[in-house]
Amino acid sequence: MDFKIVVIGASLGGLNAVQTILSALPKNLPVAVAIGQHRHRSSDGELIRYLQETSVLPVREAEDKQPINPGIVFLAPADYHLLVEPGYFALSKDAPVTFARPSIDVLFESAADAYEEQVIGIILTGASSDGAKGLAKIQAYGGTVIVQKPDTAECPIMPEAAIKAVKMPQILPLAEIVPFLNSQIKSQILI
Amino acid sequence: MSPRHPNELEDIEIKLLLEGIYLYYGFDFRDYAMASLKRRIWNIIHAENVHTVSGLQEKVLHDPACMERFLLSLSVNVTSMFRDPSFYIAFRDKAIPVLRTYPFIRIWHAGCSTGEEVYSLAILMFEEGLYHRCRIYATDMNEAVLRKAKAGIIPLDLMQEYTQFYLQAGGKSDFSEYYTAAYNGALIRSFLRENIVFSPHNLVTDASFNEFNVILCRNVLIYFNRSLQERVHKLLYESLRTFGILGLGKHETMKTTAYENHYEELDSDEKIYRRIA
Ligand SMILES: C[S@@+](CC[C@H](N)C(=O)[O-])C[C@H]1O[C@@H](n2cnc3c(N)ncnc32)[C@H](O)[C@@H]1O
């Protein structure tokens, strides 16, 4: 299986969790990473700097119609939805979904639509049910789904909602997510 | 027959719906960005109490009132006064010095929605002492939002937030000088409306109608796919004088288009460009 994109959803407590994941990702990652992190409207620059500090991959705020290139981490800009189209990202200011913009469901559902079984979806800590529907769609379209083990999450509500919505996800403590990811995409890494 | 991928039928139905609307009503959504368009179409399907895209197609084609609702729900009309205040700061710093040298300034707001952006820039030009030199054209494909824009009445409960944005945008005066409270709304003062013409124009199907010194097309192109963006960039380019100024939305970029080399960046964070060739 050749994966194209890893989509990550995080809310309350997500900054540390996302940082932990990004700092463990290897150089030359053969897939793109897109992150929907709920946060305050005007916190973009700092967040990118914070995540970039500990990651070997370039971390960028996604721009409209930017190509989905492997080895890059794209962050949904504050107060915009981030959507995946075949080959590129799109942004929108549609109304918040489940009170969230960026909405994790919007990111995940569009990723499933565009890349079907070539998507890996990861739900991390959070105090909402956003992402559960999206993760279910990724699974229904043949993608791989991972949820942070709720008792290791700063806030277990979002992982618990996601676990309820899908069949037999990989439920992993934070530290084991990247090793599992690597095992999934290992064969794609060019030597 | 064997079951196919769930996506496949949906994609066909959406194609048919958009084709039908284009053939019958003339509105061309065929090259809008598909992922967000699809979500909006499903929202409309639920609101109209039908169950499939084909069900919506029948209703939209046979019921013009449904088409009007469709138009309103399909386009995202959210806007605000001094949206992204840092854009207006950059415009004052980088664009105004250029515009000061012109005896006459023609401005086009393409996709102006309910007009908040138009009145914001009008206020800025007034404060820079340039408003009397301006002729402002504000267009949108949607006549319902244009009617609101023309009325110039902003809901009063929003004015507190807009006052904050106005100050963050480098406003030089007292924001309340620019409107009078009326009918539960804030009515934009008439001196600010004098030089503005609102009219319908569709960026997909209508041609260039003038040459401008400034074009703002903010938060409109994000709803188009790449090939349509390219076509509309051509239209904007052809409507802009050499050395004219183009302002895009905060997360829109010139980089993915063939027109990149025709512009220089006046402010890369705020997406303010100047046509150089
Ligand atoms: C989000 S609003 C942007 C308003 C304002 N420019 C701003 O940035 O706040 C987008 C507007 O684009 C308009 N629009 C969408 N497609 C269009 C088209 N093909 N031609 C003209 N206007 C269009 C919509 O009707 C909507 O009012």
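Each chain gets a letter, A, B and so on, in the order its sequence line appears, and its residues count up from 1.
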Inset, instruction - For chain B, find which of Ser92(A), Ala114(A), Ala112(A) contributes the most heavy-atom pairs closer than 4.5 angstrom. - result: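 Among the listed options, the one with the most contacts to chain B is Ser92(A).
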Legend entry - Among Val97(A), Val84(A), Leu83(A), residue most engaged with chain B (heavy-atom pairs, under 4.5 Å):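 Most heavy-atom pairs under 4.5 Å with chain B: Leu83(A).
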So which atom in [X] and which in [Y] form the shortest heavy-atom distance, rounded to 0.1 Å?
X: Leu37(B); Y: Phe29(B); value: CD2-O, 4.0 Å
X: Ser129(A); Y: Thr98(A); value: OG-CG2, 4.1 Å
X: Val220(B); Y: Leu203(B); value: CG1-CD1, 3.9 Å

Legend entry - Candidates Tyr88(B), Phe91(B), Phe87(B), Tyr162(B) - the one meeting ring-ring contact (aromatic ring centres under 6.0 Å, His included) with Phe82(B):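 It is Tyr88(B), the one option of Tyr88(B), Phe91(B), Phe87(B), Tyr162(B) that forms the ring-ring contact (aromatic ring centres under 6.0 Å, His included) with Phe82(B).
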Legend entry - Qualifying residue, where the test is ring-ring contact (aromatic ring centres under 6.0 Å, His included) with Phe175(B) and the options are Phe165(B), Tyr119(B), Tyr166(B):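 The residue from Phe165(B), Tyr119(B), Tyr166(B) that satisfies ring-ring contact (aromatic ring centres under 6.0 Å, His included) with Phe175(B) turns out to be Tyr166(B).
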Legend entry - Close side-chain approach of Ile215(B) to Ser239(B), heavy-atom, < 4.5 Å: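 Yes, close enough: below the 4.5 Å cut-off.
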Legend entry - Close side-chain approach of Phe198(B) to Cys112(B), heavy-atom, < 4.5 Å: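 Side-chain contact under 4.5 Å: yes.
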Chain A contact via [X] - which portion, at a heavy-atom distance below 4.5 Å:
X: Asn225(B); result: both
X: Arg39(B); result: side chain
X: Ser36(B); result: both

Inset, instruction - Give me the ring orientation class for Phe89(A) and Phe74(A): parallel if the planes are under 30° apart, tilted from 30 to 60°, perpendicular past 60°. - result: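 Tilted: the ring planes of Phe89(A) and Phe74(A) meet at 30° to 60°.
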Inset, instruction - May I ask you to list the residues in residues 150-165 of chain A that approach chain B closer than 4.5 angstrom, counting heavy atoms only, ordered by number? - result: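 Residues in range: none.
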Inset, instruction - Ignoring hydrogens and angles, state whether a donor on the side chain of Ser80(B) or Glu116(B) is under 3.5 Å from an acceptor on the partner side chain. - result: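 Result is no, nothing qualifies.
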Legend entry - Region of Leu91(A) that comes under 4.5 Å of a non-hydrogen atom in chain B: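 Both the backbone and the side chain of Leu91(A) come within 4.5 Å of chain B.
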Inset, instruction - Below 4.5 Å from any heavy atom of chain B, which atoms of Glu63(A) appear? Answer side chain, backbone, both or neither. - result: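 The answer is both parts of Glu63(A).
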